[in-house]
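Input: a single structure, listed below in structure tokens.
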Amino acid sequence: MPKYNPQKVERKWQEYWEKHPELTEAIKKSEKPKFYCLDMFPYPSGDGLHMGHVENYTASDIYSRYLRMKGRNVLHPVGWDAFGLPTENYAISIKAHPAEVAQRNIKTFTRQIKSLGFSYDWSREIDSSDPNYYKWTQWFFLFLHKNGLAYRKKAKVNWCESCQTVLANEQAEGGICERCKNQVIQKDMEQWFFRITDFADELIKGLDKIDWPESTKTAQKNWIGRSEGAIIRFEIKLNSKAKPSGLLRLSLRRDNLEVFTTRLDTIYGCTYCVIAPENELISNLKSQISNLNEVEKYIVQAKKKTDLQRTDLAKEKTGVEIKGLKAVNPFTNEAVPIFVADYILSTYGTGAVMAVPAHDERDFEFAKKYKLEIKEVIKNENKISSVEKAAFIDDGILVNSEKYSNLTSEKAREEMARWLEKNNLGERKTTYKLRDWLISRQRYWGAPIPMIFCEKCSWQPVPEKDLPVLLPEVKDYRPKGTSPLGTNPDFVNTTCPECGGEAKRETDTMDTFVCSSWYFFRFADPKNEKEFADEAKIKKWLPVDLYIGGAEHTVLHLLYSRFFTKALHKHGYIDFDEPFKKLRHQGIVLAEDGRKMSKSLENVINPDEIVEKFGADTLRLYEMFMGPLEDSKSWNTKSIIGLKRFLEKVWKLKSMINDQGSTNNKLEILLHKTIKKVTEDIENLRFNTAISAMMILVNEMEKQKNILNSQFSILNSLLAPFAPHIAEELWQQLGHKDSIFLEKWPEYDPKLVKDEEITLIIQINGKLRDQIKAPAGVKEEEAKRLALESKKVIKYMEGKNIQKVIFVKDRLINFVV
RNA sequence: GGGCAGGUGGUGGAACGGAAUACACGCAUGGCUUAGGAUCAUGUGCCGCAAGGCGUGAGGGUUCAACUCCCUCCCUGCCCACCA
């Protein structure tokens, strides 16, 4: 028998699978129950596949192959998130066209994926940069626009100087560009937004009914950031005798300062108000501000700062009092000073707060610095609340709050809100951190936004029949602040769909996350030219049953996809409102030094090298054996050899088959226990322990004189989803003509997995003292008798009386003495 | 500062509240070999000659019994962070 040569075996079977796509394609017409097993489709970066991809795809491949053997009709598709900044930036760096680069990278990814033996349905391959695909990305834009969920507005937006484009909030977390890690600045620009905030509550509620990691659900909840509170209207009192002119009065509507608070119960402790530099109050009441110069100087400085500088916690809070104006607390009728400070965010709540230094850390810090009054209005009997040193921020009992004194915080919030509403001085209000999704990008490599601007008719959607709006060729696709699409007059100049007059196209492209927010629908019907996917086909395959991918997509892709799904649901396109029933993240594969694999650290392990050296089956097994799927783990090239040895043992085991020889009942029992263990472990995505169970079986088989063909075949079937190439080869060597993957998954005999003889643990006072063999199901009395016969036990029991006996069936007996 | 994961041999990691360290790597000794980074066998938590004792980040608690449950704290990683 020849030596196990993984390279030869793997090449052979990869060619075989290429000729037999029916082995991995989802069946269009079938009575078998469906299962949609999806990987987050990759953006084909120039670096090729990394170990995280291998881990992700191996896990889903094992699961898919297992389910097919179990008789399920599995949809396990593959595609490319080819549009977007990563591909474009890479293309620019090597001075190539993004489309060329994308296609080249897709080729590399395809080769690598095939070299690992992943069982994708290649007939459904999609590419988000293909006009046949992005036609439907544009359709989704029109769908949202038609339903009032896409709109254009001028707003302060995140701008990345390096990428030369605007970014969504989610892509500018902490004031850093998600892609290039450079600082993001704020700019006023008119842009397209998706109204994701309309679904804020549904996006929170939906989390309760899906099987996702708790950490991911919590992160989404925190990102949406729902808080219940109240709007309070403080009347503005002018210090100067000069009343504002009639015109100014009109423009104001009301002389009110609206603040948002979640701690209405602390209102009697409000000693000043603070507004964001962007708050309109300042420009509206300019003539009334006695220190206007000082205020405007502060605002100019604040606007110069990046978000990062403004939100730097280590930095002391700054602010300027707006002299000439006061705000009147509607509860106390007290006029308090108003400050402008850059720690107040214009985009959250009303862009203004009531400051209660005694009960808010930020207000406390500010009040201390500017020597403002600190008024205590909440007490807590259980905790010492000294507002001398720090703010007391917990709920408690109200004091110094007139008729609300002695109420609990909760009760007071309720009664105060009612009073506000009754007197029309404010109302209950729920606010969210979540902002609408800014989807415009001043970049080349994306789906053009299908909108046309006409001087007469304003913005008009491109008629659906005219889709796709093709991404035009341009001379220079590098970013330069405005979209490169604008440099192609043939693209820009068009006619108005409404009046037929001259008009210009929108030149921005869409955020690549728009492409990936709906791709999982397309896999149900990837070649459809009339719809994004046929209704019946969506019904057949969706929602996704198991979704595996990186945790870095928690608040981006996963939230956006849920939004798209909810929008489709709301408008009657689909009958479910959550896209991914079960979600799991693979852990990060760290380098051997425990740090992240990165080019700059020169610690990246390339899957190609490992496949070449050890074989794809070994790499697959190794990545699964490293530890639980969701844990991060350190790569260790030294340890791979153990998995190679395991496969070599299996290979050699085949020559031990002899059906004439005797068989061992113990081995048969172990075999069935292994079937049970491996089956359950795959179901629970615990691949590491499934592999160790197979190792134990193989070690035991090795010790036999001979093994039966049937026993080896079962082992081979169990191994097949993990190491498909070697399993196919051994199956063929056993004389079978068809693929092992057409075999049924082995079933265990429930009678055989039950032990006839068990090891009974004997404890004295909870400590192990002896272990004896006993028949399974042994009764307590008999177990006690057997245990007390043990020499060791006799020794320990000398001169002691048994107080109590704890008996756990088939497990242990514990004497308390 | 908040949230979420974690902390078990030399290493990666196992363990329905019931034998702590399965499985694998590494290491040690030996066999086979001209050779071994191949392979096979045996051993491998710590202290102790032994009997035995001690051991899952630290300290308490619940329990006949705790890696597992509860409380306090420390440390590491990831994510978010002036959200009123």
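Please read all numbers here as calculations on a predicted model, not as lab measurements. Convention: sequence-line order gives letters A, B, ...; per-chain numbering from 1. All heavy atoms count here, side chains included; hydrogens, waters and symmetry mates do not.
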Starting from [atom2] on [N], measure out to [atom1] on [X] and report it in whole angstrom.
X        : N     : atom1 : atom2 : value
A:Lys3   : B:A38 : NZ    : P     : 11 Å
A:Ile691 : B:G12 : CD1   : C1'   : 13 Å
A:His585 : B:G6  : NE2   : P     : 13 Å
A:Asn222 : B:A5  : CG    : P     : 12 Å
A:Leu345 : B:A84 : CG    : P     : 10 Å
A:Phe646 : B:U39 : CZ    : P     : 15 Å
A:Gln220 : B:C4  : CD    : C1'   : 14 Å
A:Trp651 : B:U39 : CH2   : C1'   : 18 Å

Which part of the nucleic acid, if any, lies within reach of [X] when heavy atoms closer than 4.0 Å are counted: base, sugar-phosphate only, or nothing?
X        : result
A:Ile588 : nothing
A:Ile696 : sugar-phosphate
A:Pro213 : nothing
A:Ser227 : sugar-phosphate
A:Val816 : sugar-phosphate
A:Ser639 : sugar-phosphate
A:Asp631 : nothing

Modelled atom types, side-chain donor and acceptor of [X] and [Y], under 3.5 Å:
X        : Y        : answer
A:Thr637 : A:Glu592 : yes
A:Asn329 : A:Tyr268 : no
A:Thr58  : A:Tyr622 : no
A:Tyr348 : A:Thr431 : yes
A:Tyr343 : A:Thr318 : no

If the cut-off is 4.0 Å, is [X] near the phosphate of [N], judged by side-chain N/O to OP1 or OP2?
X        : N     : result
A:Lys804 : B:C64 : yes
A:Asn688 : B:A14 : yes
A:Arg645 : B:C25 : yes

- Item | Upstream residue (5' side of RNA chain B) when A:Met626 and A:Thr218 are each assigned their closest nucleotide |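 Looking at the nearest nucleotide for each, A:Thr218 comes out on the 5' side.
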- Message: Return whichever of A:Asn814 or A:Glu214 has its heavy-atom-nearest nucleotide of RNA chain B closer to the 5' end.
- Response: A:Glu214
Side chain of [X] only, heavy atoms from C-beta on: which candidate in [options] is closest?
X        : options             : answer
A:Arg811 : B:A84, B:C25, B:C16 : B:C16
A:Gln763 : B:A84, B:G18, B:C64 : B:G18
A:Phe260 : B:A84, B:A24, B:A19 : B:A84

- Is the shortest side-chain N to carboxylate O distance from A:Asp360 to A:Arg263 below 4.0 Å? no
- Item | Selection residues 765-781 of chain A - residue pairs positive for salt bridge (charged side-chain N to carboxylate O under 4.0 Å, His left out), sequence neighbours left out | none
- Item | A:Phe366 and A:Tyr370 aromatic ring geometry - parallel, tilted or perpendicular at 30°/60° bounds |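 Geometry flag for A:Phe366 against A:Tyr370: tilted rings.
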- Note on the structure: Scoring nucleotides 47-57 of chain B by protein non-hydrogen atoms under 4.0 Å (B base, S sugar-phosphate only, - none) yields ----SSSS---
